[in-house]
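Notes follow the structure.
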Amino acid sequence: MAAGSDFSCAITPDRAARCWGGSATSPIIPPAATLFATISAGSHACGIKTDGGAVVCWGSRTGTPADSNNASFASLNVGHNHACAVKTSGALACWGTRTDTPTDTANFAAVSVGFDHACGLKTDGSLACWGDNTDQETALPTDNTGFGAVAAGKNFTSAAKTSGGAVSCWGAFTTLPAANSGFTTLAGGVGHVCGSKAGGVVSCWGDDANDKLAVPADTTFSAFSVGDYHTCARKTDGAVACWGGPTPDPMAMEPAMAATPPDELVPVYNIGVGADFACALNANGKVICWGNTAGTTEKPRTPVPADTVFAALVVAQTHACGIEKAGRAVVCWGDSDDRKLEAPAGSFASIAASDFFTCGVKTDGGAACWGQDALVTLAPPPVLTTAEHTVAVGYNFACVLKPHGAVICWGDDDDGRTQPVEGSYTAIDIHGQGAFACGVRRDTSIACWGWDGDDTSNPHTTVPDTTANPNTGYRAVAVDSGDACGLKNDGIVVCWGGFTPTSHAPNPDQATAKGFVAISAGDGKYCGLKKDSGLFCWGDRKDVPDTAFIAVSPQGDFICGVQTDNKVSCWTSLPDKEVPSALVLPENENVDFIDADFL
């Protein structure tokens with residue numbers, strides 16, 4: 001468990017990270033296809049990977065220790081301005097806006113990070129504290145021996161002795177628990193502390209504003225984590241419980257979501273629509289496809305490898321690929337033209353498919369592409385050192401987004417499509433048939449590169465930048481083959497490119513064009529999901545079913561979406577088209593679908 005400032009995270013049984021809370025405009029989204037041994041949260045979140053022990057961070061800050069990819073870490077803790085981790089060797093490393101550490105950085109057993117200070121427990125049972133000392137929070141106790149737990153809160157420190165489990169607190173907070181003995185684990189928030197005892201009993205003491213001390217009665221826990229104003233814990237039966245409430249600051253953005261865990265802590269899965277078929281991955285790792293079972297007799301689109309449990313799924317026009325959960329091998333099915341189904345051997349962290357080929361990043365950091373020779377033989381993929389890359393593919397070119405924001409592209413360089421605009425990026429997108437790419441940069445602006453279109457009055461790669469609508473404040477971008485739309489932090493969508501804006505972009509003066517939390521694009525149509533799970537589409541298809549959705553995938557002549565009841569529905573608003581019966585998912589299969597695109 002990991003409770004942050006206004007969000008929480010947990011590790012699922014198969015070691016993926018799942019986060020909830022934050023705000024609609026600033027969701028906390030863990031990296032995909034990454035397995036974690038442990039996680040921690042403060043203003044942002046970080047985790048230690050199961051493979052090699054490297055540190056990965058996400059949220060408002062994404063920095064990591066300088067040698068993260070070359071060192072193995074045993075534990076970490078995230079605060080508000082910085083984070084620290086202990087290597088398996090016992091050495092300490094800190095990063096963020098504060099990088100100060102104690103003089104002696106060796107022989108640490110654990111570390112706890114507060115707002116502007118941190119304290120660590122040494123292997124000999126002594127404490128070391130460093131950072132801001134305005135309230136004497138780094139002033140060590142006279143008897144600095146025999147400690148078994150330490151917690152750094154906001155301008156205070158708490159520690160418990162190994163023998164007897166008595167707690168001491170110093171700094172801006174000095175309150176002690178009523179029954180001061182037996183504590184083995186401590187964590188501090190804003191004006192309060194929680195601790196656990198043998199048997200899983202958790203108690204909290206200090207400031208009771210926002211019900212921060214309201215531990216569920218008659219409940220035992222196997223782990224817990226304290227945020228600023230709330231606590232989340234894993235019960236001994238595996239369920240999750242949270243208590244406390246939002247910050248009293250009325251300007252805070254949606255913090256009440258932080259203490260509401262999802263109904264099920266399960267990995268996040270996908271739905272995808274091809275030219276005449278669709279596939280979805282359910283909560284048990286089963287891929288179900290429906291639609292065109294022919295393609296040709298030799299190349300059926302929808303049969304899926306039997307008895308295979310998948311961890312990821314991508315769907316293109318005429319084929320689909322999935323990453324097996326065990327071993328992370330890639331399996332593809334559908335149209336076999338151009339060797340699109342001939343995935344190379346190896347263990348993959350992520351994949352992306354276009355209409356012509358598929359590319360993936362391996363768990364050892366290498367990249368590979370297969371399918372149409374035009375890309376596969378045109379230029380080799382870059383040499384990557386870690387698996388923490390996002391891959392996107394288009395028409396004969398591909399790009400990867402590196403962990404620290406750099407973008408590398410390769411393939412056909414017509415129109416400069418492999419030459420990304422300079423900057424540090426948080427997201428990139430390419431349409432499977434597109435010849436240009438767009439990305440959101442860390443300064444919240446959008447940059448695009450590649451084919452600029454044949455209509456000089458509606459260039460594809462020029463993002464609108466006017467006094468009324470400056471190129472800033474974006475959080476997401478969705479790219480089609482000839483146009484693109486960006487989603488701003490305030491829920492407004494802005495579109496540009498080769499379409500007629502009045503017919504292919506939502507009118508910003510209409511209430512229906514505001515309040516979006518995510519957008520998706522495909523084949524001349526766009527859909528946006530709203531905070532209340534409402535769906536609004538524009539472009540070639542505008543009508544949507546009168547129901548609530550958590551995800552949508554537009555492609556070809558159809559749109560398929562995952563409803564809030566986890567059922568799938570498909571539709572089209574073309575006057576001469578009807579949804580073929582083959583695209584109607586059987587009722588007995590229409591359960592337990594979850595999708596990450598809009599979470």
Side-chain angles (χ1 to χ4, degrees), residues 38 40 42 48 65 72-79 82-94 98-206 221 223-226:
T38 186
S40 179
I48 297 175
S72 177
F73 290 85
S75 63
L76 82 164
N77 195 253
V78 179
H82 65 305
C84 295
V86 177
K87 299 179 183 179
T88 52
S89 64
L92 178 74
C94 296
R98 296 194 71 103
T99 57
D100 44 346
T101 59
T103 303
D104 182 5
T105 59
N107 302 315
F108 277 82
V111 64
S112 180
V113 182
F115 274 58
D116 285 300
H117 84 291
C119 290
L121 177 67
K122 306 282 286 231
T123 53
D124 63 0
S126 64
L127 301 175
C129 295
W130 59 96
D132 184 76
N133 194 37
T134 302
D135 293 293
Q136 301 300 301
E137 58 265 47
T138 64
L140 298 175
T142 303
D143 178 17
N144 188 18
T145 60
F147 286 100
V150 64
K154 184 177 182 180
N155 301 340
F156 72 89
T157 304
S158 293
K161 292 279 190 174
T162 302
S163 178
V167 175
S168 299
C169 294
W170 60 94
F173 173 81
T174 58
T175 305
L176 299 178
N180 192 8
S181 65
F183 288 97
T184 59
T185 304
L186 299 174
V190 176
H192 75 296
V193 178
C194 294
S196 65
K197 299 184 179 184
V201 176
V202 171
S203 59
C204 301
W205 60 96
F221 300 92
F224 74 98
S225 180
V226 176

Measure from the side-chain N and O atoms of [X] to the backbone N and O of [Y], and report whether any donor-acceptor pair falls under 3.5 Å.
{"X": "Lys161", "Y": "Thr145", "value": "yes"}
{"X": "Asn144", "Y": "Ser126", "value": "no"}
{"X": "Ser40", "Y": "Val78", "value": "yes"}
{"X": "Ser158", "Y": "Ala187", "value": "no"}

Any non-hydrogen side-chain atom of [X] less than 4.5 Å from a side-chain atom of [Y]?
{"X": "Cys169", "Y": "Leu176", "result": "yes"}
{"X": "Cys194", "Y": "Phe224", "result": "yes"}
{"X": "Thr38", "Y": "Ser75", "result": "no"}
{"X": "Thr138", "Y": "Thr157", "result": "no"}
{"X": "Asp124", "Y": "Asn107", "result": "no"}
{"X": "Cys129", "Y": "Leu140", "result": "yes"}
{"X": "Leu121", "Y": "Leu127", "result": "yes"}

Can you tell me how far apart [atom1] ([X]) and [atom2] ([Y]) are? Round to the nearest 0.5 Å.
{"X": "Thr105", "Y": "Lys87", "atom1": "OG1", "atom2": "NZ", "answer": "8.5 Å"}
{"X": "Cys94", "Y": "Leu76", "atom1": "SG", "atom2": "CG", "answer": "10.5 Å"}
{"X": "Asp100", "Y": "Cys84", "atom1": "CG", "atom2": "SG", "answer": "8.0 Å"}
{"X": "Glu137", "Y": "Cys119", "atom1": "CD", "atom2": "SG", "answer": "8.5 Å"}
{"X": "Phe183", "Y": "Ser203", "atom1": "CZ", "atom2": "OG", "answer": "3.5 Å"}
{"X": "Asn155", "Y": "Asn133", "atom1": "CG", "atom2": "CG", "answer": "10.0 Å"}

Minimum heavy-atom separation for [X] and [Y], please, with both atom names.
{"X": "Leu92", "Y": "Pro102", "result": "CD2-CD, 3.7 Å"}
{"X": "Gly191", "Y": "Phe173", "result": "O-CE1, 3.4 Å"}
{"X": "Phe73", "Y": "Ala85", "result": "CD2-CB, 3.5 Å"}
{"X": "Trp170", "Y": "Ala159", "result": "CH2-CB, 3.9 Å"}
{"X": "His117", "Y": "Ala152", "result": "NE2-CB, 3.7 Å"}
{"X": "Val111", "Y": "Asn77", "result": "O-CB, 3.4 Å"}

Any salt bridge (Lys or Arg N to Asp or Glu O under 4.0 Å) pairs touching residues 102-120, not counting sequence neighbours?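 Of all non-adjacent pairs touching residues 102-120, those that pass salt bridge (Lys or Arg N to Asp or Glu O under 4.0 Å) are Asp104-Lys122.
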Can you list every pair that meets salt bridge (Lys or Arg N to Asp or Glu O under 4.0 Å) and has a residue in residues 126-136, with sequence neighbours left out?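 Of all non-adjacent pairs touching residues 126-136, none passes salt bridge (Lys or Arg N to Asp or Glu O under 4.0 Å).
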Once you measure the plane-to-plane angle for Phe108 and Trp130, does it fall in the parallel (<30°), tilted (30-60°) or perpendicular (>60°) bin?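 Ring orientation of Phe108 relative to Trp130: perpendicular.
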